[in-house]
Protein chains: 2
Amino acid sequence: MSPEEAFGFILKSARSKKGLSQEQLALNCDLDRTFISMLERGQRQPSLTSILAISTSLEIPANELIRQTLEIMDESYKT
Amino acid sequence: MSPEEAFGFILKSARSKKGLSQEQLALNCDLDRTFISMLERGQRQPSLTSILAISTSLEIPANELIRQTLEIMDESYKT
DNA sequence: TTCTTTTGTAGACTATAGTCCGTCGACCAT
DNA sequence: ATGGTCGACGGACTATAGTCTACAAAAGAA
């Protein structure tokens, strides 16, 4: 699983858990709705500032987002 | 202190601590030497994959790099 | 001093992050 | 059926991540 895919997976599940739509999240972190969509589908990777903006909106520390991303990359590596 | 500056600061100190030159690090993580230089000076921000490549080369977990980056952002915010 | 390694920096370039417009289909209400 | 929200997806665009070449300015070691 690529970093983009892993991050997208974490993003989507965290956003869903907060009950936010892609558009609400996008407005909240000052990014474009279509970009959030592409991130979740692993078709784009975020920059550092995007990671920070998203983490703030989701109320999850950025290092925790990255930790979870690494975690599922490791999991998929095992199989 | 901006995210770029904070990350640059962490990058430079971590690289120095490992006794690596910018060029050695660049070769190691398959990035350009001049780009490493700009990152350290806060003139560029890394993408997710750059963060991961750098963290691997420095043998510091990416989430730890981010944690330290957030930490000094917070510190500079207080003053 | 002189030699060597390291880093800053500039300029031109390519790849991609991120925006903004729109359309469509799925789903869920009424 | 139809109206609303939501997400996938397209194309065209702008901003910037990241490369490459080259040279100059530290900084260290001899």
Side-chain angles (χ1 to χ4, degrees), chain A residues 1-63 65-66 68-70 72-73, chain B residues 1-63 65-66 68-70 72-73:
Chain A
M1 190 177 230
S2 70
E4 295 93 322
E5 289 172 327
F7 182 83
F9 184 85
I10 293 300
L11 171 54
K12 180 162 194 169
S13 51
R15 176 182 61 80
S16 301
K17 196 168 182 177
K18 282 217 85 183
L20 293 173
S21 69
Q22 290 180 348
E23 185 158 25
Q24 287 172 326
L25 174 62
L27 285 171
N28 221 300
C29 59
D30 203 33
L31 288 170
D32 198 80
R33 181 183 62 79
T34 63
F35 185 57
I36 299 292
S37 173
M38 299 188 89
L39 283 179
E40 290 189 357
R41 282 174 289 129
Q43 295 186 359
R44 287 285 187 280
Q45 60 157 337
S47 67
L48 174 61
T49 54
S50 295
I51 295 171
L52 297 187
I54 289 169
S55 83
T56 300
S57 291
L58 294 177
E59 296 177 288
I60 300 175
N63 54 297
L65 274 185
I66 299 302
Q68 292 179 14
T69 300
L70 293 173
I72 72 168
M73 284 175 66
Chain B
M1 190 176 229
S2 71
E4 295 92 321
E5 290 171 327
F7 182 83
F9 184 85
I10 294 300
L11 171 54
K12 180 162 194 169
S13 50
R15 175 181 63 80
S16 301
K17 196 168 183 176
K18 282 217 85 183
L20 293 173
S21 69
Q22 291 180 349
E23 184 158 25
Q24 287 172 325
L25 174 62
L27 286 170
N28 220 300
C29 59
D30 204 33
L31 288 169
D32 198 81
R33 182 186 66 80
T34 64
F35 185 56
I36 299 292
S37 172
M38 300 189 89
L39 283 178
E40 290 190 358
R41 281 173 293 126
Q43 295 187 359
R44 288 284 188 280
Q45 60 157 336
S47 66
L48 174 60
T49 52
S50 295
I51 295 170
L52 297 187
I54 289 170
S55 82
T56 300
S57 291
L58 293 177
E59 296 178 288
I60 300 175
N63 54 297
L65 274 185
I66 299 301
Q68 293 179 13
T69 299
L70 294 173
I72 73 168
M73 283 175 67

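A note on names: the letters A, B, ... follow the listed sequences, proteins ahead of strands, and every chain is numbered from 1.
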Please report the interatomic distance CD1(A/I54) to CG(A/L39), rounded to the nearest 0.5 Å.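 The distance works out to 5.0 Å.
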Nearest-0.5 Å distance, CG of residue B/L48 to CZ of residue A/R44: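 Between atom CG of B/L48 and atom CZ of A/R44 there are 14.0 Å.
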Q. Can you give the first and last nucleotides of DNA chain D, 5' to 3', that have an atom under 4.0 Å from a heavy atom of chain B?
A.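 In short, chain B contacts DNA chain D from D/dA17 to D/dA22.
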| field | A/S57 versus A/C29, closest heavy-atom pair with distance | value |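 Minimum heavy-atom separation between A/S57 and A/C29: OG-CB, 3.0 Å.
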Could you tell me how far apart [X] ([atom1]) and [N] ([atom2]) are, to the nearest whole angstrom?
X	N	atom1	atom2	value
B/E23	C/dT4	CD	P	16 Å
B/D32	C/dG11	CG	P	17 Å
A/M38	C/dT19	CE	C1'	12 Å
A/R33	C/dC20	CZ	P	12 Å
B/R44	C/dT7	CZ	P	19 Å

Does any residue of residues 2-20 of chain A have a heavy atom under 4.0 Å from DNA chain D, and if so, which ones, in number order?
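Of all residues in residues 2-20 of chain A, the ones placing a heavy atom under 4.0 Å from DNA chain D are A/K12, A/R15.
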In plain terms, say whether B/E59 and B/K18 are close enough for a salt bridge, that is, a side-chain N and a carboxylate O under 4.0 Å apart.
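Looking at B/E59 and B/K18, the cut-off is met.
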Step-by-step side chain to side chain contact (heavy atoms under 4.5 Å, CB included) determination, B/S13 to B/K17: CA-CA 6 Å; B/S13 50; B/K17 196 168 183 176; over 6 Å; no
What does [X] touch in the nucleic acid at a heavy-atom separation under 4.0 angstrom: a base, only the sugar-phosphate, or nothing?
X	answer
B/E40	nothing
A/T34	base
A/S21	sugar-phosphate

Going by atom types alone, do [X] and [Y] pair a side-chain donor with an acceptor below 3.5 Å?
X	Y	result
A/S50	A/S47	yes
B/Q22	B/E40	yes
A/R33	A/S37	no

- Can you tell which of B/L52, B/L11, B/L65, B/I51 makes a side-chain contact (heavy atoms from CB on, under 4.5 Å) with B/P46?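 Answer after filtering B/L52, B/L11, B/L65, B/I51: B/I51.
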5'-most by nearest nucleotide on DNA chain D - A/S37 or B/L39: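 Nearest-nucleotide comparison on DNA chain D picks A/S37.
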